[in-house]
Protein chains: 2
Amino acid sequence: MVAIRLDEIDRKILAELQADGRMTNVELAKRVGISAPPCLRRVRTLEESGLIRGYHADVNSRELGFEVQVFAMVGLESQAETELSAFEERCREWPLVRECHMLNGEVDFILKCVAPDLSSFQQFLTGDLLTTPNVASVKTSLVIRGAKDEPGVPFDVLEERMSRTA
Amino acid sequence: MVAIRLDEIDRKILAELQADGRMTNVELAKRVGISAPPCLRRVRTLEESGLIRGYHADVNSRELGFEVQVFAMVGLESQAETELSAFEERCREWPLVRECHMLNGEVDFILKCVAPDLSSFQQFLTGDLLTTPNVASVKTSLVIRGAKDEPGVPFDVLEERMSRTA
DNA sequence: AACGGATGCGCAATAATCTTTCGTGAGTGC
DNA sequence: GCACTCACGAAAGATTATTGCGCATCCGTT
């Protein structure tokens, strides 16, 4: 995981693969303006460097039966590093918790959760989350509707920055 | 986008492609226990039905130069549908806003934002978000560190449910 | 300027995969 | 029992992935 110097082509590759992770290498090569072999080599390098963590199909969770999406703000009794790590480890083990971020401010963690239905989530909330040691407070908010959900990062912002620096 | 009846194999396909979206079709077919042609047909059907929305490379945003990640809780003056839609449309236009979810409770929206650095975010916050008409309050929380960030849904939970129903 | 070394490209060839076509068998309704 | 439907899998040709190699370019050195 060495720091890699990226050029214009690398950034284009990342942007294209973020937009369509299943694009063939020849198509990708065509789009970024080089031939297939060096393009594949660049992709491999980006993967090995950790800049590309992986590729994932974006599945429609609602149609799959996960009707409920919830954000949970969690406050802990103790913010000692041991306690923080312990809580994070718990989160990693709970399948319904998809994301766990430690925050500044009054709330210690924000969790993004999914569940097949409300009762499944309630069960998780009361049975797992609220019974976890050191959890002081949990405030949950149901997602009424999703307005935007773009994976990844805005490459156009990056390009602007680069051109300003250059 | 017709409702599709999924069998065991379809769910396995979704789970595999969620875990590795760039898996070759022959490898996928091997894993789910059928031959390549019907496997590819199933994948195409899943794509056309909208159950697979797309494929995305998971790029390391921090290494790419997006050092800052922020959750913003937004409250609006008016919650009339026109106003809600207007705000959502704004969010779709802001590249730094990656997710926008409408919530129940005291806060109307939660936004997940990224930015190259703090000052970029401050600029967005004071220049764009806070100057948007109808925005009553914004509470932001910096992400100190990420503990878990799994894309997609937990298929093991789904399997449990299926076996219980069957 | 000339010389190496490193880097990265593209061509060509081979291996692997994708994709279509087609024949077959299982299940279903009449 | 007889179509009919549906999905599977084998085969084959088209496309893609991957490797090896020669060449150009860029840099730092002499």
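Worth knowing before you read on, the calculation uses all heavy atoms, side chains too, and leaves out hydrogens, waters and symmetry mates. Proteins come first, then strands; the chains are lettered A, B, ... in the order of their sequence lines, and each starts at number 1.
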Decide whether Q18(A) and Y55(B) meet the rule of one side-chain donor and one side-chain acceptor closer than 3.5 Å.
no

Is the backbone of G54(A) close enough, under 3.5 Å, to the side chain of D58(B) for a donor and an acceptor to pair up by distance?
no

Got a sec? Which of residues 12-25 of chain B come in under 4.0 Å of DNA chain C, heavy atoms?
T24(B), N25(B)

Parallel, tilted or perpendicular: rings of F109(A) and F87(A) (30°, 60°):
tilted

In whole Å, I'd like the distance from the CG atom of L28(B) to the C1' atom of dA16(C).
16 Å

Using a 4.0 Å cut-off on heavy atoms, which residues in residues 31-39 of chain B reach DNA chain C? List them by number, or say none.
P37(B)

Could you tell me how far apart K30(B) (NZ) and dA16(C) (P) are, to the nearest whole angstrom?
11 Å

In whole angstroms, how far is the P atom of dC27(D) from the CZ atom of R5(A)?
10 Å

Short side-chain N/O contact to dT18(D) OP1/OP2 from R44(A), under 4.0 Å:
yes

Exactly one of D10(A), L14(A), I13(A) should register a side-chain contact (heavy atoms from CB on, under 4.5 Å) with V32(A). Which one does?
I13(A)

Spacing between D7(A) atom CG and dG8(C) atom C1', to the nearest angstrom:
10 Å

Separation of I9(B) atom CD1 from dC8(D) atom P, in whole Å?
6 Å

Would you find a donor on one side and an acceptor on the other, under 3.5 Å apart, between the side chain of R98(B) and the backbone of D149(A)?
no

Specify whether F71(B) and H101(A) have parallel, tilted or perpendicular ring planes, treating 30° as the upper limit for parallel and 60° as the lower limit for perpendicular.
tilted

Verify the contact: side-chain N or O of R41(B) to OP1 or OP2 of dT20(C), cut-off strictly under 4.0 Å; return yes or no.
no

Please check this pair: side chain of K148(B) against backbone of E99(A), looking for a donor-acceptor N/O pair closer than 3.5 Å.
no

Any donor-acceptor pair under 3.5 Å linking the side chain of T131(A) with the backbone of G127(A)?
yes

Taking five pairs at each terminus, the helix from dA1(C)-dT30(D) to dC30(C)-dG1(D) shows an axis bend, to 10°, of 30°

Separation between CG (D117(B)) and CD (Q122(B)), nearest 0.5 Å, reads 10.0 Å

Looking only at atom types and distance, does a side-chain atom of K12(A) sit under 3.5 Å from a main-chain N or O of D7(A), one as donor and one as acceptor?
no

Closest listed nucleotide, where the reference is the side chain of V26(B) and the choices are dC18(C), dG9(D), dG20(D):
dC18(C)

Please state how far atom CG in D10(B) lies from atom C1' in dC6(D), giving the value in whole angstrom units.
14 Å

Between atom CG in L40(B) and atom C1' in dA14(D), what is the gap in whole Å?
14 Å

Would you please say whether a donor-acceptor pair under 3.5 Å links the side chains of E81(A) and S85(A)?
yes

